[in-house]
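Chain letters run A, B, ... following the sequence lines, proteins first, then strands; residues in each count from 1.
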There are 2 protein chains.
Amino acid sequence: MASIKDVAAEAGVSVATVSRVLNDHPSVSADARARVLAAVEALGYRPNAVARSLRTDQTHTLGLVISDVMNPYFTELARAVEEEARALGYSVIIGNADERPELQDHHVRTLLDRRIDGLLVSPTDGGSPLMLEAARAGTPMVFVDRWIPGVDVPVVRSDGRAAVRDLVAHLHGIGHRRLAIIAGPAATTTGRERVEAFREALAEYGLGLPEAYIGQGDFQADSGRRVTEGFLDLPEPPQVVFAADNLMALGALDAVRARGLRVPDDLALAAFDDIPWFVHTAPPVTAIAQPTGELGRAAVRALVDRIEGRPPRSVTLAARLVVRRSCGENPDGNPATNRSQT
Amino acid sequence: MASIKDVAAEAGVSVATVSRVLNDHPSVSADARARVLAAVEALGYRPNAVARSLRTDQTHTLGLVISDVMNPYFTELARAVEEEARALGYSVIIGNADERPELQDHHVRTLLDRRIDGLLVSPTDGGSPLMLEAARAGTPMVFVDRWIPGVDVPVVRSDGRAAVRDLVAHLHGIGHRRLAIIAGPAATTTGRERVEAFREALAEYGLGLPEAYIGQGDFQADSGRRVTEGFLDLPEPPQVVFAADNLMALGALDAVRARGLRVPDDLALAAFDDIPWFVHTAPPVTAIAQPTGELGRAAVRALVDRIEGRPPRSVTLAARLVVRRSCGENPDGNPATNRSQT
DNA sequence: CGCAGTCGTGTAATCGATTCCATGCATCCA
DNA sequence: TGGATGCATGGAATCGATTACACGACTGCG
């Protein structure tokens, strides 16, 4: 592959001049510039990003470590992140943690070794030493979706509290009284928060959330299946399950179907995170939709602000309830509880 | 960030010795090794991958350019690729072409500039000059899923011919005679091939594939919707649509539903590419499943073979039909046409 | 006419690693 | 005991860029 030296030789100038042309530094004669550009063209020269990064200590690359690529929510997030980053002149390297802390650390370490300019993380656990250390060492970093409390890193996330309240209102209106939740890992903020929001909303209607109605999942489909089976085996099974993410909802659907039961007649279902497929499942699934794309874009903007020396801001966007048919029909047909219809 | 010089100073040895310890070169005394490791520990030193790559001309990184990250098929492929690559000591940088040739070229160029060791591509179009040039220049490269004919690059893909034949047998057995297809872009091999396989299979049953029953899609949901609407507006609409990928099937489902019609009663539906959600749609969708994970792993192995100087092999794996309910029930209940049941 | 300032250019240092080569010292065998 | 061999180590070149600094030529002003 042609290097800057080859271009310099071909154009009959020094490497410094070539470099100046490439970085359009003002102090180059029109003649020299033309000769360099011709040489670049003739040799098909492309600057070596590795060498450039070594010298300038900038890679123009962002790392994105997400919890699970197979989860459509994170896929959409990743896509938005890449688009916004590209618009701002950055590339993105994605690391898939697969909800495993050690894999997350592997990717963080690899990204750090590559000297990425900044890191976007949706932490799988409550605080890997590696990440805390990186944050303290000054690596530009932004948490997205999930975060680690007590660390001085901006957080871009969505607040589902109001939407969960709307959901409980909707369920209560239909007449459901025994509501259960498939929670995410307690080590994640979203895992804990969604349970808390659910519990508080239930309390407003004088309903409790017994231990037996809190199933411990891990944001993956299998756990949703397992927990739902447990619920169905209870002496008094719940009337509704609220899955804390879309994959566990898929698992719940699997479990219900495997028993030959039906949603919502035998068990109603709602999920956190809306995805296109929910419109077409049998029945269409009521879900809480996050502004995923906006979240990804805001996270990139915050990170790039931090990298380029501007003060980054944390951002919280609202989620909203999308009512479909998986929880049954509201007998009084009161549209007030239906924030949106798809 | 600590560099190798700092470690050398701390350990009281030269940088050469530090480097030797790090790359466990045999010729280092136990004493020196211990001092170096202690210094590495004390300083929290991590080698700079950028500098290392510049010197060794190896990045231990693979580029993967896929057509669309939002497509669950490619997501699964990407995941398998990353896993296998990690097992072999490589990282993966994913570029999402979003079915747009110019975006694909952007990513290929960026990856090449970063001097990745090899490139895995599922080309969006029939032959970007950039990619042809890279292949000719000797960049290790492997095509996965789709390929560009006439280029000397190994191809790892799955052959759906037999499965399409099984599908047509299944449809014919149910009694369908007017079969339509939502094709992918003609510029892609999979776009063309699936139409051809379908046409040939139809011919075996004495059925034709009229122009009006070939809808031009682009592998995205919107086009599936649009084409399906066109089919429904025909004086004699088809009885079945076969979508050449899962997203266009989603679009078709949308279109049917928007008209208040039902699958399979008003229009039967089958899709290429199976995904977990197809089990739960209304009705569950009959699909042709590719061995996606195995495809990704085989592609990585072929690429790494090529990179490390072993002769790479092209690989073709068989796809298989998964019968569900979206095409209606087979009246004679002949299980011979049902290759698999989920 | 002379000196200061500007402009274009080249030389060389530098980023952080790897690795060839030379050197010094210990060991071994004749 | 002496020369050959091998091992551990350090010095320095190198990868491909960027950029501080020096320098020569030209311009313009007093």
(message) Between C1' on dG16(D) and CZ on R115(B), what's the gap in Å once rounded to a whole number?
(response) 9 Å
(request) Give a yes/no answer on whether the side chain of R52(B) brings an N or O atom under 4.0 Å of OP1 or OP2 in dG16(C). (result) no
(request) Please determine if a side-chain N or O atom of T56(A) lies less than 4.0 Å away from the OP1 or OP2 oxygen of dT18(D). (result) no
(message) Any side-chain N or O of K5(B) below 4.0 angstrom from OP1/OP2 of dC15(C)?
(response) yes
(request) Assign V18(A) to base, sugar-phosphate, or nothing according to its heavy-atom contacts below 4.0 angstrom with the strands shown. (result) nothing
(message) Closest-nucleotide mapping onto DNA chain C: is V15(A) or S27(A) further toward the 5' terminus? I mean the 5' end.
(response) S27(A)
(message) Can you identify which nucleotide, out of dT18(C), dG10(D), dT18(D), has its nearest atom closest to the I4(A) side chain?
(response) dT18(D)
(message) Please classify the nucleic acid contact of A32(B) as base, sugar-phosphate, or nothing, using heavy-atom distances under 4.0 Å.
(response) sugar-phosphate
(message) Once rounded to the nearest 0.5 Å, what's the spacing between atom OH of Y90(A) and atom CD1 of I116(A)?
(response) 11.5 Å
(request) Would you tell me if any nitrogen or oxygen in the side chain of N23(A) comes within less than 4.0 Å of OP1 or OP2 on dT18(D)? (result) yes
(message) Taking 4.0 Å as the cut-off, does a side-chain nitrogen or oxygen of S19(A) come that near to OP1 or OP2 on dT18(D)?
(response) yes
(request) Name the closest nucleotide to the R55(A) side chain, picking from dG16(D), dT11(C), dA13(D). (result) dG16(D)
(message) Below the 4.0 Å mark, does dT9(D) have OP1 or OP2 next to a side-chain nitrogen or oxygen of S29(B)?
(response) yes
